[in-house]
Amino acid sequence: APGYLQVYFPNKEKALWSAVVPSLIMSILFTGLVLVCFGFVMYVIQHQKQVSEMKTDFINNMTHEFKTPIATIELASDALRNDKVISNPEEIRNYTGIIKEENRRMHKQVERILNAAQLEKDDVKLQLKELNVHAMIEKLFDNTQLRAQEINATLTKELTASNFIIQADEVHFSNIIFNLMDNALKYSKENPSVTVRTENFGQSLHI
């Protein structure tokens, strides 16, 4: 049109894209970096929460693990002061054996506490070895008899499994069985009757 000049950019789109693309790429990279950092922070928070829960469970378990042997040692010590027991060497050996066994259990628990730092590294490893489950149950029964007598409870064993050798961590596995027996005595009604039974189903050992 008369009086007006027209300006023509032959590479207008290329020029616009060359100006926009670097900023767009930087924005995408920055957004990606923010998302990665956010994801990492969430992972760390979740991990710390899990570690905290593990520590809480660990402390609660340790409290229970110490209370039980301490109570058993106290009962055995009281029994040793009984006149009938003092005059019976066999009973003395039995009760001192219980005290020694419970002390051994407590020593194992102390070792676990000293190794609690492994929880931070997720490096808790089971010490697997061959265990005779029937022999372990027999020993736990001996150590639980005092508790049973105190509350007038009946303990029964039905160890009928023919294959009773397993691979397990001795401390953890014995604590499982002991705690189940102890809870059965502790939370049952008056004069409870507790039975521990073993049997095989195929290659499995059921307790």
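Numbering starts at 1 and runs along the sequence shown. All values reported here derive from a predicted model rather than from experimental measurement.
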Just verifying a value: how many Å separate [X] [atom1] and [Y] [atom2], rounded to the nearest 0.5 Å?
{"X": "Asn88", "Y": "Arg93", "atom1": "CG", "atom2": "CZ", "result": "8.5 Å"}
{"X": "Ser174", "Y": "Glu101", "atom1": "OG", "atom2": "CD", "result": "8.5 Å"}
{"X": "Ile70", "Y": "Glu102", "atom1": "CD1", "atom2": "CD", "result": "10.5 Å"}
{"X": "Met136", "Y": "Glu138", "atom1": "CE", "atom2": "CD", "result": "11.0 Å"}
{"X": "Ile92", "Y": "Ser87", "atom1": "CD1", "atom2": "OG", "result": "7.5 Å"}
{"X": "Thr72", "Y": "Asp142", "atom1": "OG1", "atom2": "CG", "result": "12.0 Å"}

Here the salt bridge (Lys or Arg N to Asp or Glu O under 4.0 Å) pairs for residues 71-84, sequence neighbours left out, are none
Review point. What residue pairs, at least two apart or across chains, pass salt bridge (Lys or Arg N to Asp or Glu O under 4.0 Å) with a residue in residues 144-156?
Key: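 Those involving residues 144-156 are Arg147-Glu150.
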If you look only at distance, which donor and acceptor atoms sit under 3.5 Å apart when one is on a side chain in residues 37-45 and the other is two or more places apart or in another chain?
none

Please tell me if the side chains of [X] and [Y] come closer than 4.5 Å, counting only heavy atoms from C-beta onward.
{"X": "Ile99", "Y": "Leu80", "result": "yes"}
{"X": "Gln127", "Y": "Glu170", "result": "no"}
{"X": "Val196", "Y": "Phe141", "result": "yes"}
{"X": "Ile73", "Y": "Met106", "result": "yes"}

Anything under 3.5 Å between a donor and an acceptor, one on a side chain of residues 186-194, the other on a protein residue two or more places apart or in another chain? List them.
unit_1: Lys186; atom_1: NZ; unit_2: Asp182; atom_2: OD2; d: 3.4
unit_1: Ser188; atom_1: OG; unit_2: Ala184; atom_2: O; d: 2.3
unit_1: Asn191; atom_1: OD1; unit_2: Asn152; atom_2: ND2; d: 2.9

Residues Thr144 and Leu185: closest non-hydrogen pair is CG2-CD1, 3.4 Å
query: Which heavy atom of Asp169 sits nearest a heavy atom of Leu128, and at what distance?
result: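 That closest heavy-atom pairing would be N-CD2, 3.7 Å.
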Count I, L, V, M, F, W, Y as connected when their side-chain heavy atoms are under 4.5 Å apart, and connections chain through other members. Are Leu159 and Phe178 then in the same cluster?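 Yes; Phe178 is reachable from Leu159 via cluster members.
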Could you go step by step and tell me if Val133 and Phe173 meet the side chain to side chain contact (heavy atoms under 4.5 Å, CB included) rule? CA-CA 9 Å; Val133 174; Phe173 191 77; 4.1 Å; yes
Show the numbers, then the answer: is there a side chain to side chain contact (heavy atoms under 4.5 Å, CB included) between Ile86 and Asn82? CA-CA 6 Å; Ile86 291 175; Asn82 187 293; over 6 Å; no
For the NZ atom on Lys100, are there more than 12 heavy atoms of other groups (residues, nucleotides or ligands in this structure) within a distance under 6.0 Å?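 Open.
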**Prompt:** Does CD in Glu158 sit with more than 12 non-hydrogen atoms of other residues, nucleotides or ligands closer than 6.0 Å?
**Reply:** yes
Distance-only donor-acceptor hits, side chain of residues 160-168, under 3.5 Å, sequence neighbours excluded:
unit_1: Thr160; atom_1: OG1; unit_2: Thr198; atom_2: O; d: 2.6
unit_1: Ser162; atom_1: OG; unit_2: Asn200; atom_2: OD1; d: 3.4

Sorted by chain and number, sequence neighbours left out, ring pair (Phe, Tyr, Trp, His ring centres under 6.0 Å) with Phe201 holds for His206
- Between the main-chain N or O of Glu90 and the side-chain N or O of Asn94, is there a donor-acceptor pair closer than 3.5 Å?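 Not confirmed, Asn94 side chain does not pair with Glu90 backbone.
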